[in-house]
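The structure appears right after this line, and notes come after that.
Being a predicted model, the structure only gives us computed values, none of them experimental. Position 1 is the first residue of the sequence; numbering continues from there.
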Amino acid sequence: MRLKRHNKECCVVSVERHTSRELRRLAGENYASLDELLGLKALPVPRIPGIDWHAFVRFVHTYEQGPMPFIARKLLTRQLPSSVLGGVQNQGLAVQCVTEAIAADILELYYVPNPKIPGTQTAAVRLNRANEFVKSVLGLEP
């Protein structure tokens, strides 16, 4: 955004599953997926030993039904139950779990105005209901 404000053009080339949708959207036609360039495909489900990805999707789905207008990424990492994390309560593993879910496109990362600090933004997440794995867990139509 800063480069665009200064009338600079840039190209973004990255591993798609490790790049936020927002950055890809901002880059537009100037975005190239390294995955596509190299002919690679993303894993449909991340492979972190011990994580119950079905339980993860169900937990986030239930969390989204709550009273909050969005789910802050940091809050989600603090709220993940040990049942999702293989029976352990480990903050580092929770952060890795959410990060991998974003990379695998199970979660969409986006930004909203921070309700506590005016003029700033906070990272929020939501289930990507277009993701095939999420559809299968939630029983959504293909």
message: Working note: F56 + L107, criterion side chain to side chain contact (heavy atoms under 4.5 Å, CB included); need CA distance, chi angles, decisive distance, verdict.
response: CA-CA 10 Å; F56 176 84; L107 290 179; 3.7 Å; yes
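- Between the N114 side chain and the T122 main chain, no donor and acceptor come within less than 3.5 Å of each other.
- Judged purely by atom type and a 3.5 angstrom limit, Q89 uses its side chain to pair as donor or acceptor with the backbone of L80.
- Judged purely by distance below 3.5 Å, without hydrogens or angles, the side chains of S14 and Y31 pair a donor atom with an acceptor atom.
- Clustering ILVMFWY residues whenever any of their side-chain heavy atoms sit less than 4.5 angstrom apart, transitively, puts L26 in a cluster other than the one holding V12.
- Note on W53 and Y63: same hydrophobic cluster, where clusters join Ile, Leu, Val, Met, Phe, Trp and Tyr whose side-chain heavy atoms are under 4.5 Å apart, directly or indirectly.
- Of the inter-residue distances, the one linking E100 atom CD with L93 atom CG reads 10.5 Å to the nearest 0.5 angstrom.
- Atom OG of S83 is separated from atom CZ of R58 by 9.0 Å, given to the nearest 0.5 angstrom.
- By the 4.5 Å heavy-atom criterion applied to side chains, V125 and V60 are not counted as neighbours.
- Remark: Y111 OH to T120 OG1 distance equals 12.5 Å, nearest 0.5 Å.
- Listed for the E22 side chain is no donor-acceptor partner under 3.5 Å among the backbone atoms of L109.
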message: If you apply the rule side chain to side chain contact (heavy atoms under 4.5 Å, CB included), what do you find for T77 with T99, and how did you get there?
response: CA-CA 9 Å; T77 61; T99 301; over 6 Å; no
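- Taking SG of C97 as the reference point, atom CG of L76 lies at 8.0 Å (rounded to 0.5 Å).
- Minimum interatomic distance between N131 and D105 (heavy atoms only, all atoms of both residues): ND2-O, 3.2 Å.
- Between the CD atom of Q91 and the CG atom of L85 there is a distance of 9.0 Å, given to the nearest 0.5 Å.
- Between atom CZ of residue F59 and atom CD of residue E64 there is a gap of 11.0 Å, rounded to the nearest 0.5 Å.
- Geometrically, R21 does not engage Y110 in a cation-pi contact, judged by NZ or CZ lying under 6.0 Å from the ring centre and within 45° of the ring axis.
- You'll find the side chain of R73 reaches within 4.5 Å of the side chain of I102, heavy atoms only.
- Contact annotation: the side chain of S82 never approaches that of V88 to less than 4.5 Å [non-hydrogen atoms, C-beta and beyond].
- Looking at H61 and R129, their side chains do bring a donor and an acceptor atom within 3.5 Å of each other.
- Shown are V57, N128, L138; of these, the side-chain contact (heavy atoms from CB on, under 4.5 Å) with F133 is made only by V57.
- Both M68 and V98 sit in one connected hydrophobic cluster of ILVMFWY residues. Membership requires side-chain heavy atoms under 4.5 Å apart, directly or through other members.
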